[in-house]
Amino acid sequence: MYAPIHGKILALEGLRPHPLAKKLVGDGFAVLPFQGKVVAPFEGKIEAILANNHTIVLIEKNGLKVLIHIGVNTKQAPMEYFTLQRNVGDTVFPGEELVHFDLVKLKENGYDSRTMVIFPEVFMEQQLSIYARNEVRELEFLGEIFEGVTE
């Protein structure tokens with residue numbers, strides 16, 4: 001598992017009451033971004049782009065899905081704050097920019113830029129282990145997803 005964004009790693013639970021932070025869709029982590037861009041963390045396809053371009057869903061060639069939700073309260077943010085670099089159905093490769101977002105405008109207008117990285121299919125039968133701490137850079141190794149429960 002590799003980082004799609006440069007920033008400070010945060011616990012997902014700290015972003016409550018956002019529904020994604022409650023792990024109802026899957027497990028994951030959050031990042032306080034230092035730059036306004038999201039890159040492909042693996043080779044795969046763009047499965048969906050939601051709302052005002054602040055959420056993107058990717059599927060790895062081996063089937064792993066990741067949902068990247070830019071910001072906590074950004075559903076109502078103007079679409080021009082988020083510029084797509086790729087489209088639904090596109091094949092992407094590690095490091096390719098997917099979305100550019102205006103970090104300054106988000107902050108100036110009261111939007112929370114903390115970005116959630118969710119693995120929708122990581123539930124009870126799998127466990128997410130994050131090894132990275134503090135700052136993480138794009139494509140830096142973060143951790144692993146294990147089958148079954150680990151101790």
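Keep in mind the model is a prediction, meaning the values are calculated, not measured.
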Within-4.5 Å side-chain heavy-atom neighbours: [X] and [Y]:
X      : Y      : answer
Thr74  : Asp112 : no
Val57  : Val66  : no
Tyr111 : Val72  : no

Heavy-atom pair with the smallest gap, counting every atom of [X] and [Y]:
X     : Y      : result
Pro41 : Leu139 : CA-CD2, 3.9 Å
Phe29 : Leu142 : CZ-CD1, 3.1 Å
Leu64 : Phe42  : O-CZ, 4.1 Å
Pro33 : Thr115 : CG-OG1, 4.1 Å
Ile9  : Val31  : CD1-CG2, 4.3 Å
Glu97 : Gln85  : O-CB, 3.2 Å

Flag yes if [X] and [Y] sit in one hydrophobic cluster, no otherwise; membership is Ile, Leu, Val, Met, Phe, Trp, Tyr, and two members link when side-chain heavy atoms are under 4.5 Å apart.
X      : Y      : result
Ile49  : Ile59  : no
Val25  : Met116 : yes
Val117 : Leu84  : yes
Val39  : Met1   : no

Using modelled atom types and a 3.5 Å cut-off, is there a donor and acceptor pairing between side-chain atoms of Asp90 and backbone atoms of Asn87?
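Present.
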Say whether, by atom type as modelled, one donor and one acceptor occur between the side chain of Asn52 and the main chain of Ala77 under 3.5 angstrom.
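Checking the backbone N and O of Ala77 against the side chain of Asn52, a donor-acceptor pair under 3.5 Å is found.
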Is the shortest side-chain N to carboxylate O distance from [X] to [Y] below 4.0 Å?
X      : Y     : value
Glu60  : Lys65 : no
Glu135 : Lys8  : no
Glu47  : Lys45 : no

Chi angles and distances behind the side chain to side chain contact (heavy atoms under 4.5 Å, CB included) call for Thr83, Phe101:
CA-CA 6 Å; Thr83 305; Phe101 58 99; over 6 Å; no
Quick one: pull up [atom1] in [X] and [atom2] in [Y] and give me the separation to the nearest 0.5 Å.
X      : Y      : atom1 : atom2 : value
Tyr81  : His100 : OH    : NE2   : 13.0 Å
Glu144 : Ile130 : CD    : CD1   : 10.5 Å
Leu67  : Thr55  : CG    : OG1   : 6.0 Å

Take Asp27 and Phe119 through the side chain to side chain contact (heavy atoms under 4.5 Å, CB included) test and state the conclusion after the steps.
CA-CA 6 Å; Asp27 204 352; Phe119 298 90; 5.7 Å; no
Where does the angle between the aromatic ring planes of Phe82 and His54 fall among parallel (under 30°), tilted (30 to 60°) and perpendicular (over 60°)?
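Phe82 and His54: tilted rings.
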Residue from Leu103, Ile70, Asn73, Asp102 passing side chain to side chain contact (heavy atoms under 4.5 Å, CB included) with Ser113:
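Output: one option passes, namely Leu103.
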Applying the side chain to side chain contact (heavy atoms under 4.5 Å, CB included) test to Leu12, which of Lys23, Lys22, His18, Arg114 qualifies?
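The passing option is Lys23.
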Where do Ile5 and Ile68 land on the side chain to side chain contact (heavy atoms under 4.5 Å, CB included) test, with the steps shown first?
CA-CA 10 Å; Ile5 191 165; Ile68 303 166; over 6 Å; no
Testing Lys37, Arg137, Glu138, Glu140 one by one against His6 for a side chain to side chain donor-acceptor pair (under 3.5 Å), which residue passes?
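Among the candidates, only Arg137 passes.
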Kindly determine whether Leu58 and Leu98 satisfy side chain to side chain contact (heavy atoms under 4.5 Å, CB included), including the steps that lead there.
CA-CA 10 Å; Leu58 304 169; Leu98 305 175; 3.6 Å; yes
